[in-house]
Amino acid sequence: MTQDHKPWGGRFSEATDAFVETFTASVSFDRRLYHYDIQGSIAHANMLGTVGIITADECSSILAGLAQIHKEIDDDQFNWRLSLEDVHMNVESRLVELVGDIGKKLHTGRSRNDQVATDIRLFLRAEVDELLNQTTALKEALLDLAEQNAEVIMPGFTHLQAAQPITFGHHLMAWFEMLKRDTERLADCRKRINVLPLGSAALAGTTFPIDRNQVVKELGFANASENSLDSVSDRDFIIEFCATASIMMMHFSRWSEELVLWMSEPFAFIDLPDRFCTGSSIMPQKKNPDVPELIRGKTGRVFGDLTSTLTLMKGQPLAYNKDNQEDKEPLFDAVDTLRDSLTALIGLIPAIEANTKNMYNAATRGFATATDLADYLVRSGVPFRDAHEIVGRTVAYAIEQNKQLDELSLEELTAFHQGIGEDVFAVLTLDGSVAARNHIGGTAPDQVRAAIARARSALGS
Ligand code: ARG
């Protein structure tokens, strides 16, 4: 392999060991940052020109060179060299090839340490904005589906045992609430991403009269970082992103688990169109919900990315250490996995077909209105604990008779409590049960519609 001259080669008297060169290089993955690396360099060059560290002509040559490099990379015409270690030195070295010695002035007043921190922040900010757009699309998909299913009755579960009847719309709005919190976390995390490290140089700042606020403005950051040591070594914003992504994936994994269950034959609550499913190579009858299963499976990768980045940082003294080069692959993986999972869900959610009959029938089994009967007794003056006991005995009797509660006759019911009247059957129906839970946060169709309306007005849709 031909050894390129290292930009840091001055004090070295022998070539880098071939394995060490490969071991220390990051260009195979950090080239993904090229757009942001060049964007940061353009802002830096403009600032050097404004304050007079380089001349206006030098600045224009550098900008022209950077524009050409950007185009070469876009067009896949760029010769990436492992011996130049990373994206930063590949770009800089090409700049010198293109514009000569003037290109060597670009690195005045900065270091790769503040440069890489800036690149990652620019990258992650753009990705977070894209992810936030995706969350809006997913929220709208959930709201539409919840609206269509505001009155659809299904069993609600605790311990995965039928507990009380709910509406499918209410269940979907529970998912919506999870996603709403996720979105808030993502937007909050963006605030701490959006700070400019450039100008911190290697660790202590620079002797040149730089204007960090100009760079802040050009790159759209909220402000310049306050401490040069902290800003070249801080990777909290990556950890925070991975933590936020982990919570989101945990939610998506829970949704996926429900989708998989609901699609299985014993539930048969929903169907997913063929385009979101795959078959089995041996069992011709199979239609498998691979997409939710994979989202559930990929959740583990993102938890791993969080663990990697936390562990990466825990032993590092200030300021920059080469360890930090290991921050990129888990970050990229978390971003990609989250983006793909959101894309999958944005497609999947509107395609869910609720099998409303099966949902309803399932809700009629399992004594889901037992609590309603207890509440009915309470309204006629029975203390709740006694009502609970009475209904418990009624349920035991119904099991013996192989009947549901609303299939018991009035005589059978009054045997358990004198005060039960004909009006009891209204509360034993599923529709009566859900409609009665009519308060903020309750499952009544009217409340689901009100929650959807509030959500839509918050979204501005
Ligand atoms: N490739 C390096 C990284 O990703 C860039 C910064 C290198 N700085 C240094 N002093 N070696 O962290």
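Indexing begins at 1, ligand by ligand and atom by atom, following the structure's order. In this chain, numbering begins with 1 at the start of the sequence shown. Values below: every heavy atom of this structure, side chains too, minus hydrogens, waters and symmetry copies.
- Interface atoms of ligand 1 facing Ser26, defined by a heavy-atom separation under 4.0 Å, are 1 (N).
- Ion pairing between Arg339 and Glu130 fails under the 4.0 Å rule for side-chain N and carboxylate O.
- Atom 10 (N) of ligand 1 has as its closest protein heavy atom Asn113 OD1, 3.1 Å.
- Checking side-chain atoms of Lys287 against main-chain N and O of Leu272 turns up a donor-acceptor pair under 3.5 Å.
- Within the 4.0 Å heavy-atom cutoff, His88 counts among the residues contacting ligand 1.
- Backbone and side-chain nitrogen or oxygen atoms of Asn324 are examined, and none is located within less than 3.5 angstrom of a nitrogen or oxygen of ligand 1.
- At under 3.5 Å, a nitrogen or oxygen of Asp86, whether backbone or side chain, sits near a nitrogen or oxygen of ligand 1.
- Arg125 forms a cation-pi arrangement with Phe221, by the criterion of a distance under 6.0 Å to the ring centre and an angle within 45° of the ring axis.
- A salt bridge links Lys191 and Asp188; the closest N-O separation between the charged side-chain nitrogens and carboxylate oxygens is under 4.0 Å.
- Taking atom 3 (C) of ligand 1 as the reference point, the nearest protein heavy-atom neighbour is Tyr320 OH, 3.2 Å.
- A salt bridge between Glu85 and Lys322 is present, with a side-chain N of the basic residue lying under 4.0 Å from a carboxylate O of the acidic one.
- The shortest contact between atom 4 (O) of ligand 1 and any protein heavy atom is with Lys328 NZ, 2.6 Å.
- Within 6.0 Å of CD on Glu353 lie more than 12 heavy atoms contributed by other residues, nucleotides or ligands.
- Annotation: atom 11 (N) of ligand 1 to nearest protein heavy atom, Arg112 NH2, 3.5 Å.
- Between Arg449 and Glu151 a salt bridge is recorded (basic side-chain N to carboxylate O distance below 4.0 Å).
- For ligand 1, the atoms sitting less than 4.0 Å from at least one non-hydrogen atom of Gln325 are 1 (N), 2 (C), 3 (C), 4 (O), 12 (O), numbered in the order shown with element in parentheses.
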